[in-house]
*Asks:* 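Have a look at this one before I ask anything.
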Amino acid sequence: MLTLALPWLLLLLPLPLLLKKKKPQQAKLGGHLYLPGSDSQGYSVTRTANKASVKGQWLIWILLVIAVARPLWVAEPIELPSKGRDLMLSVDLSGSMQIEDMVVNGQVTDRFTLIQHVISQFIERRKGDRIGLILFADHAYLQSPLTLDRRTVAQYLNEAQIGLVGKQTAIGEAIALSIKRFDLVDKSNRVLILLTDGSNNAGAISPEQATDIAAERGITIYTIGVGADVMERRTLFGKERVNPSIDLDEDQLKRIAAKTGGAYFRARNTQELEKIYQEIDKLEPISRDQRSYRPQSELFYWPLALALLLSMIKSLDSVSLFRRAEQKITGER
């Protein structure tokens, strides 16, 4: 649908009539033409405004007024979710996340690459939820506040690097920072998904203290322990099977989840992590309340460009008139 953002500006259309003192047929355009090297005071060059010229001036004025009134093209309404959940993702960036005991698309990779791969798909599905991102290691840092812009959150996660915020694991600070961010928004279904492959060994607040506060504030925490159970590595005596997740404190993660009404999940591979997020989708379904908006496209540059083009044509016509007058005067002398 075509509309105007400032339709009241169309009241300016008759303004030239109000300012005009002479009738169109009596108006004269022109001035004096001075020839170089001549003592003459100048030759008067005039042209009575004809109907075509007046119509051209009016057309330019109308186009300028329409451009100022900002014509818009308003598209069909697009439905958007209006109410959803506040979901904070808290991702461990400690040094152990670079252990290569995961497989993505048939290739062995590190734990953080797996998390990036799966979480990006999870974020894309959370239409209607406000999503935030916290990265933690030695301390917890807010990478993205709660927002409906899922694409930006996914981009921030994909741009993160292991060791960016240290090498240890401050689980308590990650929970505490999430609580702080939830306190800044209206009450909603507050959900924290915390992913780690270790145990708390840094930070100014313990996981138990932070969990108690989260439970009081009505925040549900889902904890995910990342890492394979068995990994083969080469030694001088051949291959050796080791447990790469020996530092993972599953008991602590289970207590955190249980105290806040959430759940603990174990992610040993890509398939398990994908199933975990599908399960979270069921436990925390996306709200379906809808609102709509109508995209708008600015069109003011079309009448503005046409007015400029007509003005240039009219200016060239005036230059041609003066040149013809100059030739005529030169011939008379």
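Excluded from the calculations below are hydrogen atoms, water molecules and symmetry mates; all remaining heavy atoms, backbone and side chain alike, are included.
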*Asks:* Kindly compute the distance separating CG (Asp92) from CD (Gln168), expressed to the nearest 0.5 Å.
*Replies:*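 Rounded to the nearest 0.5 Å, the CG-CD separation comes out at 11.0 Å.
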*Asks:* I'd like to check Ile193 versus Ile119 (side-chain heavy atoms, cut-off strictly below 4.5 Å). Are they in contact?
*Replies:*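 Contact flag for Ile193/Ile119 side chains = no.
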*Asks:* My understanding is that only one of Ile171, Asp249, Val226 makes a side-chain contact (heavy atoms from CB on, under 4.5 Å) with Thr196; could you say which?
*Replies:*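 Of the listed residues Ile171, Asp249, Val226, the side-chain contact (heavy atoms from CB on, under 4.5 Å) partner of Thr196 is Ile171.
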*Asks:* Is the shortest side-chain N to carboxylate O distance from Asp86 to Arg130 below 4.0 Å?
*Replies:*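 Yes.
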*Asks:* To the closest 0.5 Å, what do you measure between CG (Leu10) and CD1 (Ile62)?
*Replies:*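 Output value for this atom pair is 10.5 Å.
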*Asks:* Could you check whether atom CE of Met1 has more than 12 heavy atoms from other residues, nucleotides or ligands sitting under 6.0 Å from it?
*Replies:*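 Yes, enclosed.
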*Asks:* For a 4.5 angstrom cut-off between non-hydrogen side-chain atoms, does Phe265 reach Glu279?
*Replies:*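 Phe265 reaches Glu279 side chain to side chain.
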*Asks:* What closest approach, in Å, do Ala67 and Pro71 show between heavy atoms, and which atom pair accounts for it?
*Replies:*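 For Ala67 versus Pro71, the nearest heavy atoms are O-CD, 4.0 Å.
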*Asks:* Are Leu72 and Leu64 connected, step by step, through hydrophobic side chains (Ile, Leu, Val, Met, Phe, Trp, Tyr) whose heavy atoms are closer than 4.5 Å?
*Replies:*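 No, Leu72 and Leu64 fall in different hydrophobic clusters.
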*Asks:* Any side-chain heavy atom of Thr109 sitting closer than 4.5 Å to one from His117?
*Replies:*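 Side-chain contact under 4.5 Å: no.
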*Asks:* To the nearest 0.5 Å, what is the distance between CZ (Arg125) and CD (Gln278)?
*Replies:*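 Rounded to the nearest 0.5 Å, the CZ-CD separation comes to 6.0 Å.
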*Asks:* If Ile, Leu, Val, Met, Phe, Trp and Tyr residues are connected whenever their side-chain heavy atoms lie under 4.5 Å apart, and connections chain through other members, are Leu192 and Ile205 in the same group?
*Replies:*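 Result: no, two separate clusters.
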*Asks:* Within a strict 4.5 Å, meaning less than it, do heavy atoms of the Ile224 and Tyr222 side chains meet?
*Replies:*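 Counting from C-beta outward, Ile224 and Tyr222 never come under 4.5 Å.
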*Asks:* Take Gln252 and Asn200, measure what side-chain contact (heavy atoms from CB on, under 4.5 Å) needs, and give me the verdict at the end.
*Replies:* CA-CA 9 Å; Gln252 186 179 69; Asn200 187 80; 3.9 Å; yes
*Asks:* If hydrophobic clusters are built from ILVMFWY residues whose side chains come within less than 4.5 Å, do Ile131 and Leu184 share one?
*Replies:*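 No, Ile131 and Leu184 fall in different hydrophobic clusters.
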*Asks:* At what distance, to the nearest 0.5 angstrom, does CG of Leu142 lie from OG of Ser178?
*Replies:*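 Separation between the atoms: 9.0 Å.
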*Asks:* Quick one, Met88 with Ile219, criterion side-chain contact (heavy atoms from CB on, under 4.5 Å). Give me CA distance, side-chain angles, the key distance, then yes/no.
*Replies:* CA-CA 10 Å; Met88 187 69 74; Ile219 299 173; over 6 Å; no
*Asks:* Rounded to the nearest 0.5 Å, how far apart are OG of Ser144 and CG of Leu157?
*Replies:*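 Rounded to the nearest 0.5 Å, the OG-CG separation comes out at 10.5 Å.
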*Asks:* What I'd like to find out is whether the side chain of Asp197 reaches to under 4.5 Å of the side chain of Asp247, using heavy atoms alone.
*Replies:*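 Counting from C-beta outward, Asp197 and Asp247 never come under 4.5 Å.
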*Asks:* Could you tell me which non-hydrogen atom of Gly227 sits nearest to which non-hydrogen atom of Arg111, and how far apart they are?
*Replies:*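 Nearest pair, atom of Gly227 first, then Arg111: CA-NE, 3.7 Å.
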*Asks:* Supply the atom-to-atom distance Ile66 CD1 to Leu4 CG, rounded to the nearest 0.5 angstrom.
*Replies:*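 The distance works out to 7.5 Å.
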*Asks:* Using side-chain contact (heavy atoms from CB on, under 4.5 Å), reason through Phe136 and Val165 one step at a time and then give a plain yes or no.
*Replies:* CA-CA 6 Å; Phe136 68 94; Val165 290; 5.7 Å; no
*Asks:* Can you name the nearest heavy-atom pair linking Thr220 to Gly262, along with the distance?
*Replies:*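 In terms of heavy atoms, the two residues are closest at CG2-CA, 3.7 Å.
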*Asks:* Are Glu124 and Arg150 ion-paired here, with the side-chain N under 4.0 Å from a carboxylate O?
*Replies:*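 Salt bridge: yes.
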*Asks:* Could you check Asp183 against Arg190 for side-chain contact (heavy atoms from CB on, under 4.5 Å), going step by step and ending with a plain yes or no?
*Replies:* CA-CA 10 Å; Asp183 286 344; Arg190 303 176 176 188; 3.7 Å; yes
*Asks:* Show the nearest heavy-atom pair for residues Val68 and Leu6, with the distance to one decimal.
*Replies:*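 Closest pair (atom of Val68, atom of Leu6, distance): O-CD1, 3.9 Å.
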*Asks:* Would you name the heavy atoms of Ala214 and Thr260 that are closest together and state the gap between them?
*Replies:*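 Shortest heavy-atom contact: CB-CG2, 4.3 Å.
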*Asks:* Assigning hydrophobic clusters by single linkage (Ile, Leu, Val, Met, Phe, Trp, Tyr; side-chain heavy-atom cutoff under 4.5 Å), is Leu308 placed with Leu59?
*Replies:*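 No, because Leu308 and Leu59 fall into different hydrophobic clusters, even though each may have its own neighbours under 4.5 Å.
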*Asks:* Testing the basics here: between Phe112 and Ala160, what is the closest heavy-atom pair and its distance to 0.1 Å?
*Replies:*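 Looking at all heavy atoms of both residues, the shortest contact is CE2-O, 3.5 Å.
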*Asks:* Mind checking whether Asp110 and Ile162 have side chains closer than 4.5 Å, heavy atoms only?
*Replies:*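 With C-beta onward as the side chain, the pair touches.
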*Asks:* Is it possible for you to say whether Leu13 and Trp8 belong to one hydrophobic cluster, with membership spreading through side-chain heavy-atom contacts below 4.5 Å?
*Replies:*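 Yes.
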*Asks:* I'd like to know whether OH of Tyr156 has more than 12 heavy-atom contacts from other residues, nucleotides or ligands below 6.0 angstrom.
*Replies:*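 Atom OH in Tyr156 is not packed in, count stays at 12 or less.
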*Asks:* Can you establish whether the number of heavy atoms outside Trp58 located under 6.0 Å from its atom CH2 is more than 12?
*Replies:*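 Enclosed.
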*Asks:* Any side-chain heavy atom of Leu87 within less than 4.5 Å of one from Arg126?
*Replies:*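 They are in side-chain contact.
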*Asks:* Under the salt bridge (Lys or Arg N to Asp or Glu O under 4.0 Å) rule, what do Glu272 and Arg266 come out as? Steps first, then yes or no, please.
*Replies:* CA-CA 7 Å; Glu272 284 189 351; Arg266 186 75 164 87; over 6 Å; no
*Asks:* Any side-chain heavy-atom pair from Leu310 and Lys314 closer than 4.5 angstrom?
*Replies:*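 The answer is no, as the side chains (C-beta and beyond) never meet within the 4.5 Å cut-off.
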